[in-house]
Number of protein chains: 2
Amino acid sequence: MLPGMTTQYGIRPTMKDVAARARVGLKTVSRVVNDEPGVTPETAERVRSAITELGFRRNDSARMLRKGRTASVGLLLEDLGDPFYSVLSRGVEEVARSNGSLLFTGASAEDPQRERELALAFCARRVDGLVVVPAGDDHRYLLPELAAGTAVVFVDRPAERIGADSVLSDNAGGAREGTGHLVRQGHRRIGFLGDLPQIHTAAERLRGFREAMAAAGLPVAPGQVSMGPTDPASVAAALDRLTGGPRPVTALLTGNNRITLEVLRRLPALPYRPALVGFDDLELAELLVPGLTVVAQDPAGLGRTAAELLFRRLDGDAGPPRSVRLPTRLIPRGSGET
Amino acid sequence: MLPGMTTQYGIRPTMKDVAARARVGLKTVSRVVNDEPGVTPETAERVRSAITELGFRRNDSARMLRKGRTASVGLLLEDLGDPFYSVLSRGVEEVARSNGSLLFTGASAEDPQRERELALAFCARRVDGLVVVPAGDDHRYLLPELAAGTAVVFVDRPAERIGADSVLSDNAGGAREGTGHLVRQGHRRIGFLGDLPQIHTAAERLRGFREAMAAAGLPVAPGQVSMGPTDPASVAAALDRLTGGPRPVTALLTGNNRITLEVLRRLPALPYRPALVGFDDLELAELLVPGLTVVAQDPAGLGRTAAELLFRRLDGDAGPPRSVRLPTRLIPRGSGET
DNA sequence: ACTCCTGTCGACATCGTTGTCAGCTTGGTA
DNA sequence: TACCAAGCTGACAACGATGTCGACAGGAGT
């Protein structure tokens, strides 16, 4: 126990207790706690000693109730442990902290129902704003919250059926660039191995792939594309389909970090080694032999930009919904240059 | 706007508004919202329509103020983007959600001052409990919070100067095992490259290293150990010291994932290739050539266990502080077997 | 007809803080 | 002496919900 403390277990002192102990009015304590002017130094000192003696700490729940703003924002993403999203969330956290806000975090696990529950729970807490990596395809349930003044920014994937800010990577452009890179190496049968097609980023990357192939005058047979879940078994099966059969692909564009990872694990077991470009950078990519060529996104930038947009809204920006698109970057390291 | 909605921008309807619209008392609305018994189906139905018409959503700030519990916990760690901590935080999030709590997240950036500010900000929000990866070496500032009933569990590093639950990896044991592995390969001059010595995990791993060396009857010259910051430049300099000079080490134990990563990057530039065992697993470790041998921790387990301990406290467990130690696991993959 | 009970329902106080406003000193000025 | 302005200070209402308790209606039992 700290010296001079008089706290009893389980009960927190309130301003009223502090006021009684310092023999001042409730409002004077409030003034001291909030550094408001109009308190003589002696009174303030008396209040401050009472505060430390009692171990008083202002109850921000009550404060928020009174003031209306909660100084907190909610972040909703798919998986906290995924390197991509964890770096994104670091970006959001940094901006939130520098704006004096605390951050609620929740993981939707790609389940629209859970996303909805979490988002509404955040709203019930009256977060000032939400940064959402959407899982579902209908976000109209957020309309009342938007109308009530909760700012919402979508990141990584666009909002569906709702007008709100969004920050996206140039998914199609990145896929075009990655595909073009393989085309320039002379590949003609290039495969695309992507996430579930209803996920916006997956669809966009597939679109970019198809555009680049079309631009190069190359056909895309059905057997060259596989869209599906990203668990190891499904990816392995998809990889076998693309690399097996009568006309196996000579090169692969993988649609996100999880898929790339699983493909890398399976490469040694294949009868030949296709060229590979992965969407999303991986931490050890440069140390593999050959180095892994990737289309890198800027997850920290996505998070930061989304949060900055959010706080701009909270500062009163009431313009029409903005849509920011961050560029991707092709990093050739060897695996795509064969 | 949803059909039938009457919401006005920026003002949220309250229970009072719902009550007026449904022509019932305030308390009846509360009863319906909370599924309390004692309301006739017709009345409940009237209230429910009023709720959807107005777009009412209960204000949990007010609720928390009244009820005392906030159904939220705070997580304080060093860096949200670090793969180790992000997986840990996923573990915490899972347990929090299954216990019906929301999660505040904050990053201390290894700065005791910032840790303190964030922890106290969480406490001011009246979180029910805190999971803390401590940055500082004195947590007595949390004593009043503990006394007031906020549960606190420390994870990854122990609490300093305060009695509270903690969940740690067996850092010394893991380092012993990693070092022993190198010894068994015949190495006699083994180097240890660790984080700042004031960080508990770094000190413990160094201790394990020394113990294993002593057990093998091997001397540890000062030039075989380097403890310092983990930014790339510092690690590179330390690596040069250990591998340069008249008696370079033949094998290395690296003290955490950031150090391992930087050493891996620098290996090609060294005049020879030392054997390497890294503390913490890395996602592509098995795909390197040679595969990276590691002492793996269980970050998800750390997070889950810490959160479970926390909720056990919140459920009333008032026993003495517990200290849980999770085992590490040596995963030989090649880099330590030369 | 009377009591008693059960089941619905609402008035009111309350949680801990902040905003409003009026009251009290104090010192200066006419 | 009277008056006023300026600076401190505290009483009170309010934020939006929940807990307590009493009011009331309707039915059962005597």
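In what follows, every chain begins at residue 1, and chains take the letters A, B, ... in the order their sequences are listed.
Between B:S169 and B:T201 there is no side-chain heavy-atom pair separated by less than 4.5 Å. Within the 4.5 Å cutoff, no side-chain heavy atoms of A:N59 are placed close to those of A:R12. Counting only heavy atoms from C-beta outward, the side chains of B:L130 and B:V73 never approach each other to under 4.5 Å. Residues B:R125 and A:S72 have side chains in contact (heavy-atom distance under 4.5 Å, counting atoms from C-beta outward). In this structure, the side chains of A:V24 and A:T43 come closer than 4.5 Å at one or more pairs of heavy atoms.
Phosphate proximity of D:dT9 to A:T40: present, with a side-chain N or O under 4.0 Å from OP1 or OP2. Applying the 4.0 Å criterion to OP1 and OP2 of D:dA17, one finds that B:S30 has every side-chain N and O outside that range. Phosphate proximity of D:dG10 to A:T28: present, with a side-chain N or O under 4.0 Å from OP1 or OP2. Within the 4.0 Å cut-off from OP1 or OP2 of C:dC15, not a single side-chain nitrogen or oxygen of A:N59 is found. An OP1 or OP2 oxygen of C:dC9 is reached within less than 4.0 angstrom by a side-chain nitrogen or oxygen of B:T43. OP1 or OP2 of D:dT18 lies within a sub-4.0 Å distance of a side-chain N or O belonging to B:R58.
Applying the ring-ring contact (aromatic ring centres under 6.0 Å, His included) rule to pairs touching residues 101-134 of chain B yields A:F104-B:F104, B:F104-B:F122, sequence neighbours excluded.
Between A:N34 atom CG and C:dG19 atom P there is a gap of 8 Å when expressed in whole angstrom units. With rounding to whole Å, B:M64 atom CE is found 13 Å from C:dT17 atom P. Taking atom CD1 on B:I11 and atom P on D:dG16, their separation rounds to 10 Å, with Å as the unit. To the nearest angstrom, P of D:dG16 lies 15 Å from NZ of A:K67. The distance from atom CZ of A:F56 to atom C1' of C:dG16 is 8 Å, rounded to the nearest whole Å. A straight line from CD of A:E42 to P of D:dG7 spans 16 Å, rounded to a whole angstrom. At whole-Å resolution of the value, CG in A:L65 and P in D:dA13 are 17 Å apart. Between the P atom of C:dT18 and the CG atom of A:D35 lies a distance of 12 Å, rounded to the nearest Å.
Remark: of the listed residues A:V132, A:L76, A:V131, A:V132 is the sole one forming a side-chain contact (heavy atoms from CB on, under 4.5 Å) with A:F154. Among the candidates B:R322, B:R313, B:R312, the single residue satisfying the salt bridge (charged side-chain N to carboxylate O under 4.0 Å, His left out) test with B:D165 is B:R313. Partner of B:H139 under the side-chain contact (heavy atoms from CB on, under 4.5 Å) criterion, out of B:E115, B:E145, B:R116: B:E115 alone.
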Check nucleotides 11-14 of chain C against the protein and report each pair of N or O atoms closer than 3.5 Å, with its distance, or say if there are none.
{"residue": "C:dT14", "atom": "O2", "partner": "B:R66", "partner atom": "NH1", "Å": "2.8"}

Measure all distances between protein nitrogen or oxygen atoms and nitrogen or oxygen atoms of nucleotides 22-26 of chain D, and list the pairs falling under 3.5 Å.
none

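Residue-level contact check: B:G38 touches the backbone only, with heavy atoms under 4.0 Å from sugar-phosphate atoms and none from bases. Across all strands shown, A:V39 has heavy atoms under 4.0 Å from sugar-phosphate atoms exclusively, and none from any base.
In terms of position along DNA chain C, the nucleotide closest to B:V24 lies nearer the 5' end than the nucleotide closest to the other residue of the pair B:R126 and B:V24.
Applying the 6.0 Å contact sphere to CG of B:D137 captures no more than 12 heavy atoms from other residues, nucleotides or ligands.
With C:dT18, D:dG16, D:dG10 as the choices, the nucleotide that has an atom nearest any side-chain atom of A:M15 turns out to be C:dT18.
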